[in-house]
Asks: 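Below: one structure in structure tokens.
Count residues from 1 along the sequence. No experiment lies behind these values; they were computed from the predicted model shown.
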Amino acid sequence: MELSDALRLPVLLAATLLTPAVVEAEHTSNWAVLVSTSRFWFNYRHLANVLSIYRTVKRLGIPDSQIILMLPDDMACNPRNAFPGTVYSNADRAVDLYGDNIEVDYRGYEVTVENFIRLLTDRVGDEMPRSKRLLTDDRSNILVYMTGHGGAEFLKFQDAEEIGAFDLADAFEQMWEKKRYHEILFMIDTCQANTMYSKLYSPNIIATGSSELDQSSYSHHADNDVGVAVIDRYTYYNLEFLEAEVRDTSSKKTVGDLFDSYSYEKIHSNAGVRYDLFPGGAEAARSRLLTDFFGNVQNVEVDDGSAKNSTLEEDLLGLSRTIAALRKKADEEDALAPAAATRKKITTPQSETKENKTAALSSKKHSSQFAKPLTDDNWWTKKIFGATAFLPLRHLTLHSRPLANRPIKFSCDGELAVAADDSVHVFVPEFPDVAKQARERKERRRLRRLRKLEEEKKNAANDSTSPPTTAQEGAADTVDVGQSKALADGDDDEEDDSENGEEDEEDEEDSLNDLRAQYSEGSRHLPVSYPPLDPRMNRELFYNLGMEFPYDDVEEGDGEQEGDENEEEDAAGSTGQPKHNSRAGTKELGLDGADSDEEGDEEEDDDEDDDDEEDEDEDGEGDVIGGRRPRIIPNGPFGAGYGAITSTGSSMNHVVNMDWSPSGLGANRRPILAILTGSGTLAMYGDGSTPAKILPRVNEGMLQHRELNSWEVLWGVGERLIAPGQQVEVSEYLRGFSWAKEIAPGQALLATISDQMEVAILTVQTVFRPDPDQQGQERLVWLVQEVARFVAKGPHDRGDMLDPDYVPYGTSFGLNWTPWHHTKDSMASIISFVDRNYIGFRKITVKTPWVRGELPLVEVDKEDIFGKCVHLSVNSFVEFENAILSQEDITKCRGIVVSGCKTMPFEIALSGGTSYSHKPHTPRDCGTVYPPVEANGSQNKIADLVIHRPDPANVKPTPLYTLVRMSATIKTRDWYESNIEDTGIPSDGETSEVDDTTPQWVRDIQEKINISVPANMQMRYGFEGESDSENEEESETDDEMDENEWEDEDDEDEDEDEDEEDNTRTPIPEIHPHRYRLHGLAVSSGGGVTAVLASQYSTQHPERGGWHTVRSTIMFAYNREQTSQPKQDPSPAPSDDIQLPQLTTEGKLFEWLYGGGPPVPGVNFPAPPQTDSTDAGNPEDTNLKTLFQPIVEKQTCDLCGTKMTPNKRGQLSGCEQGHFFGTCATSRLAVQMPGITRSCGACGLRTIRTEELVQKIPPEQRDGVFKALGEGVCGGCSGKFLI
């Protein structure tokens, strides 16, 4: 007899005993969430729908404090409204729905999908007011009403974004898991509304909608004076029933009565109802009173004293006795069972067990997801493993496509930037709480061993053929008691055996199917095309260097108002730029107005000066590189450079190129993002002065992570933006840029190239200076200055566009830097550039040491160190291997040049190479006018290429690379290429399959391409995945024509069959309906993860639909095999033959999660202790923990005054009286005050702020310690802080 069978009756008895208490308090409050998702005047009826329901729930007693009203547009104040300040839902205009007593919680552009989901799930920040929060609990009934424009399984928000049926279902599931509702009545009025609740799977939900799949939702009537429809039919008849039948909260009308009033004659569509999610089914759902959702009926649970509690205790005591008796009976029956049955159960073949597990896992993957009861045996197991598993790296779908090449980039910390047409998507990774996972893993191991010990004891008792002696029994009991006590106390520290490890992997693999994907939180969509950047945004760059801003005294041009300080601040603020503090000792930053006469005089003088400058330049006497320069007109007509169009006006300002800066440059040592647009402007985006918003943990077991709400435009160069060190007359149109490899925290070099092939080298630094607005605080300031400039010109002339042999050229990706080669007193790098059919390499040398905050000495060689003439197509680019190789006396770096469809590996000497020189000649002389003809060359253009980190133990002759070509079809088998392994796509047939060793995104794309269908089936049903309703009629007509053609052919075949007996029907050809356009490829800093941006198209007809149908997908390839915990830092050992850059802590953690990298010191295992410096007088090299050790030993508790002990309980510090505090990861001091710590985004440990730590150090050591701490990194893992 199984114990579970014996306990069924007691469990039912317990449910019976506890049921009355639950029923008495099942419902204590009512809430309403009323959402209109449409803006614009012609959607007047949607606003009236919501306000009508709002008026009804208020009439029935729900207060405004329990109503969330979301209105995307204010129809009452619309200029088209013939009755200003009012909204009516009926042509008789009897009731003003707007009135004087309406409270709108979310208005205008606050009505978004994100805000709606955050409202339901309560994933909002502490700054969110209570009036905008849904403060419900497990005793709250919620009415959710939505109206707008929708379709099959989606509802549009303000014609800009959509919420899907799966999104809504997942939001309700989160609400159920968080105990945020008791019952939900979900109502939706839109086209194909019933599809929106088709994916719901959470319990206690009643759902209804206005129309079925492929049905529209219609308006009821229009008001001729208002000019538009004023209400929808579905909402109109709902209100008619509620107004007539539910007059007050005493009404006994039920939900079933309301649903029975629906008819097709009234609504003109088939309204739908769903009951299956409700306990008790349709009968229980229909019996619910309407006032349980529309009225303020409250049931309050009252504690009536100890009598009831004592009765319950007696019942529970009797129940426990029954359970004990049944348990004893079950044990007796198990003891009498045949031993053979027990042995058979124990000796079940392992292969059979694995097969059963595999079958169960397979069936689960293909089953639908429904709400599961909490009594599921595996429920807690799944919750635990779901909490400890890291987020899967799934594909991401974007509602955009890029216009430029190479539109996807990984940062050094695992952040991902993806360019769209006029904007950029930025995604921030989430990292797991590894320490918490280790504690939970240890607890699971202890419970498993305890359970295994009990099973062994029970099996031994059942298998024994003779009773044990008293001594043996006592010894066994002693061992069992000792082991059980050790396991119960949690003292077992043994490692998992192989079986337990397999169980962990299986449970973790199963739990990943239910987790959110990586990059699903904390993303930011950055618009870069509008508004245009104001030149005054760079004013602080000049003030930080003690220089006057060139345009402080310049008057505004035509079309600008003569502004005062407030107007200027408004202009700067409107572009999204930060407001800068005025420099001490200077006048306020404003544009001084002047009268018209003085303006005219100044303009005439300026014209004369410009004429003089032009004459001087034409004579060759001007100190200008590249000839005459156009002057800048602040806030005047846009335009820059020398192009026929770009010099007079800006383009559409799309994204041309983007790249992440090296680590350590921005706030909290995070990289910043540089974005080059079609206007010739290069803008820097990163964390500004506003603190970043910290997002809560959506999944248990994950660390908090930051949101990019603090990002802003920091500064810029190009077009009208001037940096210190540049001539104020210059108005450059930038064609490309490139960051130099990492130098030091807060120090970097940036190279830009203009349309005149002038390369400018800028130093970019960040330092801390006293904040004039906050006494005793410091702020991060930017020091940017141009230090060098040279003309990147090859031996070929510009060419004549009228020449019949002229071939266009030019690229935005020609600039690139090699890694730095360090010598005794300098460091050197080589920068590449691309001219007409020429690749040049110029050496850049920086004298060391370069003190942070000071201007470095940068030297640029006068001639190219190396160059090569080769045919280069438009948008050719150069990629360097991020490593330096040493061979005898030569230090070199390798790379690959990509031109059109061809790759050309090369290597260049950083030191010890031969000299190089070239003479001017024409492309005809060197044979580079046209590309060389290759017999087996590909005609599929290379879209992107990445170079991987080399293996120090096995350096290949050429760099390891992966590339993708532009078009991926069934015929273009070379769209993917890599020399890491022989994992290319075979070309021996159309149905060849790729190998399992190829990246996941390669397999996904190729499997989609390999799909084939009969031609007539594709034409009749379409295998495109999407279709537009406006083209359905045309498609049906085409299908009818195709069918008629086939019928005619069949008739002809029948006639021929009469004469020819052996005549056979012509086979129907098969086609491959899918193809892909590959936009770009990116690789993570450690090389273990690759991501490709691709768009799917049809091979049979051109794409239909407008901009709103544009989609692209980010696909990933990763390696989930994680190595065991090492006992030392896994960073690559230094070698004399190869030098590899060090990864950041975040980069290492990202590689450990997805790239198959080793565990991270300080995150997965304790970091090795720092070694003290041999130079004791240098405070920067002092071991901080050793320095703070005397202070830690003397620290006392602020509450009781007793001595503190660090790490007394795990990561907590405690005193003798039992008071526990967090521990600083840098100093090991106890954190006894709130608000003085910073949280690490990699390991989760907290560190006391620098200004607080230095106060605990003797004054003579504070300067050195402050300099050693700097802006600070985590003392536990060297990771970056969240804020």
Asks: Please check: side-chain N/O of R180 versus main-chain N/O of L134, any donor-acceptor pairing under 3.5 Å?
Replies: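 Between the backbone of L134 and the side chain of R180 there is a qualifying donor-acceptor contact (under 3.5 Å).
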Asks: S1112 side chain to S400 main-chain N or O, any donor-acceptor pair under 3.5 Å?
Replies: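 Yes; judged by distance alone, with no hydrogens or angles, the pair exists.
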Asks: Which class fits the ring pair F172 and F186: parallel under 30°, tilted 30 to 60°, perpendicular over 60°?
Replies: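 Perpendicular.
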Asks: When the aromatic ring centroids of Y145 and Y54 are compared, is their separation below 6.0 Å?
Replies: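 Judged by ring-centre distance (under 6.0 Å), Y145 and Y54 do not meet the cut-off.
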Asks: Please determine, by modelled atom types, if T1113 and H395 share a side-chain donor-acceptor pair under 3.5 angstrom.
Replies: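 Per modelled atom types, T1113 and H395 side chains form no pair under 3.5 Å.
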Asks: Is there a donor in the side chain of T235 and an acceptor in the side chain of D189, or the other way round, less than 3.5 Å apart?
Replies: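 Looking only at side-chain atoms, D189 and T235 do form a donor-acceptor pair, the distance falling under 3.5 Å.
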Asks: Looking at the rings of Y181 and W176, which for Trp means the six-membered one, are their centres under 6.0 Å apart?
Replies: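 Aromatic pair counts; centres sit under 6.0 Å.
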Asks: Can a cation-pi geometry be assigned to R39 and Y109, taking NZ or CZ under 6.0 Å from the six-membered ring centre and within 45° of the ring axis?
Replies: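 The answer is yes, since R39 meets both limits relative to Y109.
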Asks: Measure up the F259 and Y275 rings against each other and bin them: parallel (under 30°), tilted (30 to 60°), perpendicular (over 60°).
Replies: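 Correct class here is tilted.
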Asks: I'd like to know if the side chain of D137 pairs up with that of S140 as donor and acceptor (distance under 3.5 Å, no hydrogens or angles considered).
Replies: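 Judged by distance alone, the side chains do pair up.
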Asks: Tell me yes or no: between the side chains of S211 and Q215, is some donor less than 3.5 Å from an acceptor?
Replies: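 There is no such pair between these side chains.
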Asks: Got a sec: does the CZ of F42 have more than 12 other heavy atoms crowding it under 6.0 Å?
Replies: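 Atom CZ in F42 is packed in, count exceeds 12.
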Asks: Which word best sums up how the rings of F1116 and F410 line up, parallel for under 30°, tilted for 30 to 60°, or perpendicular for over 60°?
Replies: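 Tilted: the ring planes of F1116 and F410 meet at 30° to 60°.
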Asks: Can any side-chain N or O of S269 pair as donor or acceptor with the backbone N or O of S210 at less than 3.5 Å?
Replies: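 Yes, because the side chain of S269 sits within donor-acceptor range (under 3.5 Å) of the backbone of S210.
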Asks: For the residue pair F157 and F116, categorise the inter-ring angle as parallel (less than 30°), tilted (30 to 60°) or perpendicular (more than 60°).
Replies: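 The arrangement is tilted - the two ring planes meet at 30° to 60°.
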